[in-house]
**Q** 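Here it is, the structure in full.
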Amino acid sequence: MAEPPVLIRQDEVEDLLHYKDLIPRLEVALRKFSKLDSAEVIQPVRTTVPLQKYNGFLGLMPAYLVHEDILCTKLVCFYKRESGSTLPSTQATVLLFDPEYGNVKAVMDGEVITAKRTAAVSAISAKLLMPAKSDVLTILGAGHQALSHYNVFTETFSFKEVRVWSRRKETAERFAQSTQGHVTVWESVEEAVNGADVIVTVTGASEPVLFGQWVKPGAHVAAVGACRPDWRELDDVLMRQAEVYVDSREGAVAESGDIILSGFY
Ligand SMILES: NC(=O)C1=CN([C@@H]2O[C@H](COP(=O)(O)OP(=O)(O)OC[C@H]3O[C@@H](n4cnc5c(N)ncnc54)[C@H](O)[C@@H]3O)[C@@H](O)[C@H]2O)C=CC1
Ligand SMILES: O=C(O)C1=NCCCC1
């Protein structure tokens, strides 16, 4: 009989998962995953189960890395919360399987994995695509992803200025007080992104918050928040003037509201 699974708690994942290890591993995995007809990473577009009563979704995200023989799945519930709600917007668990026997070997907290994996991928995109001289980073949104993006972007790059905007100024101020380095708080998106070289959008918005007319030509936008077909963060002008890179075309056209609703595809 198989051993019962190991349980890896959130604080343990936090201690074990470091960007210096995560980024190179993700670069390798993304390179394989993004290949057309990749046979090395089997990762179907996730299945989502609507939780209409709670304004949320359950996402099932299985993946198999063939050569490494790693079989796992993330199970994530995510919600659109009212402003000021104290309920979590994301809850995630990652299961690691023994691919030969099919038993679960480890049950891991997925909160930190979600925060760090997502931010690390944005940092990889910036490494490849941001202007060579990037001094100003603007983060739109001030939640969990904002913090993980702040951490990895300041650990990986040398920005002269980091700005934050959130729809409630107090939330942005709280965020700025929680960071290691200095962050300036801005009251409007237009001002916050004026002259920014890199913009990270990590809001729970359903309508565009970032408009193309405000974005400096050549700036890099890491668009993270609008991960449902009817959610948006970027307007049509920005989508039309941008060169768009995605990890998975299949996933993007099924799930990205910015791509689908702008008619980009
Ligand atoms: N693409 C991906 O792989 C991932 C996407 N996400 C998405 O990223 C977004 C942020 O996630 P978390 O930071 O974990 O959430 P969070 O709840 O911790 O923070 C959300 C932030 O967005 C702001 N916000 C909410 N509604 C807004 C609106 N209508 N307009 C402007 N700002 C609004 C909130 O005030 C808060 O600052 C969510 O939409 C989440 O679903 C999260 C994880 C992974
Ligand atoms: O990990 C992801 O991918 C998530 N997508 C939607 C929001 C929750 C996490």
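Quick caveat, the model's predicted, so the values are computed rather than measured. Order of appearance sets the numbers: ligands from 1, and atoms from 1 within every ligand.
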**Q** Does the residue Arg228 have a heavy-atom contact with ligand 2, meaning some pair of atoms that are separated by less than 4.0 Å?
**A** no
**Q** Among all the protein's non-hydrogen atoms, which is closest to atom 1 (O) of ligand 2, and how far away is it?
**A** Lys74 NZ, 2.5 Å
**Q** Under a 4.0 Å threshold between the charged nitrogen and the carboxylate oxygen, would Glu170 count as salt-bridged to Arg174?
**A**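 Result for this pair is no, no salt bridge flagged.
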**Q** For Phe175 and ligand 1, answer yes if some heavy atom of the residue is under 4.0 Å from a ligand atom, otherwise no.
**A** no
**Q** Output yes when Glu27 and Arg25 qualify as a salt bridge under the 4.0 Å nitrogen-oxygen rule, no when they do not.
**A** no
**Q** Using side-chain heavy atoms (C-beta onward) and a distance below 4.5 Å, is Thr48 in contact with Leu58?
**A** no
**Q** Quick check on contacts: which atoms of ligand 1 are under 4.0 angstrom from a heavy atom of Val202?
**A**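 Counting atoms of ligand 1 from 1, those under 4.0 Å from Val202 are 10 (C), 21 (C), 22 (O).
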**Q** Below 4.0 angstrom from a heavy atom of Arg117, which ligand 1 atoms are there? Numbered from 1 as shown, please.
**A**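 Counting atoms of ligand 1 from 1, those under 4.0 Å from Arg117 are 3 (O).
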**Q** Before accepting this row, confirm whether a basic side-chain N of the pair Asp230/Arg228 lies closer than 4.0 Å to the acidic partner's carboxylate O.
**A** no
**Q** Near Met61, which atoms of ligand 2 are under 4.0 Å from a heavy atom of that residue?
**A** 1 (O), 2 (C), 3 (O)
**Q** Just which atoms of ligand 1 are under 4.0 Å from any heavy atom in Trp231?
**A** 39 (O), 41 (O)
**Q** Short list, please: which atoms of ligand 2 are under 4.0 Å from a heavy atom of Cys227?
**A** 6 (C), 7 (C)
**Q** Using side chain to side chain donor-acceptor pair (under 3.5 Å) as the criterion, point out the one residue from Lys74, Gln91, His144 that pairs with Thr114.
**A**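 Exactly one candidate clears the test, Lys74.
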**Q** Show which atoms of ligand 2 fall inside a sub-4.0 Å distance from at least one heavy-atom site of Val76.
**A**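 Taking each heavy atom of Val76 in turn, ligand 2 has 8 (C), 9 (C) under 4.0 Å.
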**Q** Should Glu68 and Lys32 count as an ion pair when the cut-off is N to O under 4.0 Å?
**A**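 Yes, Glu68 and Lys32 are salt-bridged.
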**Q** Taking all atoms of both residues into account, what is the closest heavy-atom pair of Ala223 and Leu234, and its distance?
**A**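 Of all heavy-atom pairs spanning Ala223 and Leu234, the closest is CB-CD1, 3.8 Å.
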**Q** Return yes if a side-chain donor-acceptor contact under 3.5 Å exists between His220 and Ser134, otherwise no.
**A**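 Short answer, no.
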**Q** Pick one of side chain, backbone, both or neither for how Arg167 approaches ligand 1, counting any non-hydrogen atom pair under 4.0 Å.
**A**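 Arg167 to ligand 1: side-chain contact only, backbone stays beyond 4.0 Å.
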**Q** Assess Gly59 for proximity to ligand 2: is some non-hydrogen atom of it under 4.0 Å away?
**A** no
**Q** Give me the nearest non-hydrogen protein atom to atom 7 (C) of ligand 2 as residue plus atom name, then the distance to 0.1 Å.
**A**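 Looking at atom 7 (C) of ligand 2, the protein heavy atom closest to it is Phe78 CG, 3.5 Å.
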**Q** Counting non-hydrogen protein atoms only, what is the nearest one to atom 5 (C) of ligand 1? Give residue, atom name and distance.
**A** Val224 O, 3.2 Å
**Q** Find all atoms of ligand 1 within a distance of less than 4.0 Å from any non-hydrogen atom belonging to Thr118, and give their numbers and elements.
**A** 2 (C), 3 (O), 4 (C), 44 (C)
**Q** So if I apply the side chain to side chain donor-acceptor pair (under 3.5 Å) rule between Lys116 and each of Glu14, Glu111, His18, which one comes out positive?
**A** Glu14
**Q** Which of the numbered atoms in ligand 1 are under 4.0 angstrom from any heavy atom belonging to Ser166?
**A**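 Listed by number with element: 35 (O), 37 (O).
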**Q** Does a salt bridge link Lys105 with Glu3, judged by any charged N lying under 4.0 Å from a carboxylate O?
**A**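 No, no charged N to carboxylate O under 4.0 Å.
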**Q** Considering only the protein, which heavy-atom contact is closest to atom 4 (C) of ligand 2, and what is its distance?
**A** Arg46 NH1, 3.4 Å
**Q** Out of Gly56, Gly141, Gly204, Ala142, who is nearest to atom 22 (O) of ligand 1 when you count heavy atoms only?
**A**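 Going through Gly56, Gly141, Gly204, Ala142 one by one, Gly204 has the nearest heavy atom to atom 22 (O) of ligand 1.
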